[in-house]
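Input: a single structure, listed below in structure tokens.
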Amino acid sequence: MNRLNPELRRYLWLELSPARLVAMPLVIGALMLLVGAWAFEPGRALGGPGLLEGLATLGSSGFVVLVLLWGARLAANAVVREIAGRTWDQQRLSSAGAWTMTWGKLAGSTVFVAYGCLLLLLLTLVSLVCWQVFYGGVEATFRAPLWAVLVQAAVGLIAFAVLVEASVMLIAMTAVARRETGRQLDVSIAQIVVIVVAFSLFSSFSNQGGGADLVWYGLAIDELWFAVASLVAFAAWAVIGLWRRMRVELQVRNWPVMWPLFVLFAAFWAAGFAQGQAAVVVAAVVILMAGYIPAVLEQPDPVRLRRLFGALAQRDAGTALRFLPLWLVNHALALLAVAIAALVLLGGNDGEGAQAGIESIDGLSFAAGTLVAFYLFVTRDLLLLVFAALGRGGRRAFATWLLWMAVLYGLVPMILAALGLYASLPVFVPVWDIPFLSFAVPPVLWPLLQVVIVLALIRWRWRRFATGRLQAP
Amino acid sequence: MAPPAAPDAAVAPAVAVENLIFDYPTLRALHGVTFAVEPRSVTALVGPNGAGKTTLLRCMAALETPYDGRVLIEGRDAHLEPRASHRRIGYLSDFFGLYDELSVLRCLRHAAAMHGLEGAAERQAAERAIAQLDLGDLAARPAGELSRGQRQRLAIAQAIVHQPAIVLLDEPASGLDPLARHKLSELLLGLRDGGMTLIVSSHILAELEDYSSHVLVMDRGRLVEHRAIAGGSESATLALELAAPCDDLAARLAAVPGIEDVAVDGLTAVFRAPAGAAFRHDLLRNLIGAGVPVASLAERRLGLRDIYREVARDDGSGA
């Protein structure tokens, strides 16, 4: 084996020039001077404790900002730039394995940001140690021992960086591989999505400070430790996802296994915050909603669908599994989850469900029906994406679909509400607490009707893609 | 039209393509393409624009997943084992694929390392490729500062730095001046003599003729011809010239066992027949004995351009 990953080495050649290596600590040093001036400013005079607290904050917040604004952009651009520069095929033609490519690209493309982050992390840790040793400030502020704060800061920040950069690279790689146009837009959207998700995940646990507990599956767990463990787990999943995506790019066959495992993990993680029947419902909803992610990223591909249908017609299960879109796998899993959740709800109120808010609904059977209706609405949405992808403007399918979603979930309900037609809302959106056009019509009927209509539309559009109608070049 | 040439049964093909089908959403780009390429041969892949040449090369390099069919690289399925196949393949795309910021030496060291070479082996491979492509004076220059001809040489060096057994080249001579094209021909012959199998896609037939031993003609996603260009073939194209018109010449020739593809134009008939002087001798004797006013019978050596024209005429595409 090479002592150094060749892809990482290429980035080291390109990114770490002596001038850049000197510039980064100079900028951080200047910011430290600014914090010092602020702490000792006459009138404020925060002194040593204020300076050290300020430097620790500068280090940690600088780390987060650097990762979100710069690291995420570099990671997203890593493959986009290769495709634009026509070098991506050369990478795909190499005999380097998917894992070598994954970690080489992830670490390499962001190596300069990682250098800055390492300096900022050191600044954070040293400042915290000094603050505790000289003034006892850390344990008083965070209500936790110094070692715990240091471990949480170091592991949490590094996991946060890996999560953000791996996720944004994964999203950009998947989106760019699918489409020829709008690459920079894809990069920006990927960056914004990951920034919003990661930041909300990162900040949702830090409202109460150290020592506060949260309840997860009935267990009282320290909030910060839970946040750090969650970040590590999701960062690991992001890297696994990136590795699987890299395998696809390198033409290595993937079986649709990892995505369902990830979705089950996410459902398990989210369900821990709810109790009783509500936990099952939360898990089902997480699995159901997760289907949008692969559908939007990969987008339905007519060639792949044709291959799938061909394999199914020939009863070739192996080939069918290879070409099965992840969103379809996810939706099958969601069907199972929704069915279980509906059965649990139909089984009766366990008391916990009432605490979780289900008592506000006119009966658990109605809640189960609404859950099934929710499943059918998601089915409709996914089928609409297929319908859009089969259109003549296939490359604009996502934008077209977004517009339809905005109309169906935004504009139409607003119009109905403005007209006072609240009772007809369940025709267009899954709602929990609105009596449904009198109970004579089951809540699943309207979305079921829409699913049937969209399926008929897809069948109509599919004629253009049927094998017998393919044109010669 | 001659059927696709079968490889020599005693020699395992370097590349075997079996019933390859490739689809775009509303377009079938390859229609069940099947052929085999002999080791240490240079095969010219020709055809009009949109014939499917680049798609075929990309499928052979396992850069694209076909709808159906197989590509065997030295007996190994390229789509089941893409990374292993890539160790045996070098591919030059029509866009070269160079890192402009890296020096020539680093480009080649990186390419070698990505194929698993390390340490001294990596450096030696890069230096060998530099010597082969005559890039010594440019080793320290960034790829982005090179001329088109120099970039093309670097791209070829990058494709062969790991000494692959099979090299696929897509339009390698595009944009080169005549001298650079001549050097490219010499280089490709050198690679063949060094034991590599080459498949070269190009529009420039005259240049392909200099070094190709076989030709693959593609048209509208189909393989319409695969044959040896000269030498080693069991059949030959013969031209028969008459001193006076003969009404039933075509029928007489077609009736002779072994003769096929007869085309009569005035006093000249062109047809395919078994190679060898003995067959020609027997044919002449029989024709003269039957009173056909024969003026001459000679083998016509078809070049790549003749084959391409012949195929285009047969196909009626006129391409």
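Per chain, numbering begins at 1; letters A, B, ... match sequence-line order. Only a predicted model underlies this, so the values are computations on that prediction, with no experimental measurement involved.
Evaluation of the side chain to side chain contact (heavy atoms under 4.5 Å, CB included) rule for Leu16(A) yields Leu12(A), Leu21(A), Val111(A), Phe112(A) as partners, not counting sequence neighbours. Partners of Thr319(A) under the side chain to side chain donor-acceptor pair (under 3.5 Å) rule, at least two apart in sequence or in another chain, are Asp316(A).
Applying a 4.5 Å heavy-atom cutoff, the residues of residues 96-106 of chain B that approach chain A are Phe96(B), Gly97(B), Leu98(B), Tyr99(B), Glu101(B), Leu102(B), Arg106(B).
Your options are Glu7(A), Arg92(A), Gln90(A), and the one with the most heavy-atom pairs under 4.5 Å with chain B is Arg92(A). In terms of heavy-atom pairs under 4.5 Å with chain A, the best-connected choice from Arg83(B), His110(B), Glu81(B), His86(B) is Arg83(B). When each of Arg109(B), His115(B), Gln158(B) is checked for heavy-atom pairs under 4.5 Å with chain A, His115(B) comes out on top.
For Arg253(A), the part sitting under 4.5 Å from any heavy atom of chain B is the side chain, from C-beta outward, and nothing else. Residue Ala61(B) touches chain A through both its backbone and its side chain, counting heavy-atom pairs closer than 4.5 Å. Contact of Gln91(A) with chain B is made through backbone and side chain together, with heavy-atom distances under 4.5 Å. Both the backbone and the side chain of Leu93(A) come within contact range of chain B, with heavy atoms under 4.5 Å apart. Contacts between Arg247(A) and chain B at a heavy-atom distance below 4.5 Å are absent for every atom of the residue.
Nearest heavy-atom pair, Gly116(B) versus Ser95(A), reported as atom, atom and distance to 0.1 Å: N-OG, 4.3 Å.
Applying the salt bridge (Lys or Arg N to Asp or Glu O under 4.0 Å) test to residues at least two apart or on different chains, the pairs with a partner in residues 42-58 of chain B are Asp89(A)-Arg58(B), Arg58(B)-Glu64(B).
If you take CG on Leu80(B) and CD on Gln251(A), they are separated by 11.5 Å, rounding to the nearest 0.5 Å.
Remark: the backbone N or O of Pro66(B) is not paired with any side-chain donor or acceptor of Arg307(A) at under 3.5 angstrom.
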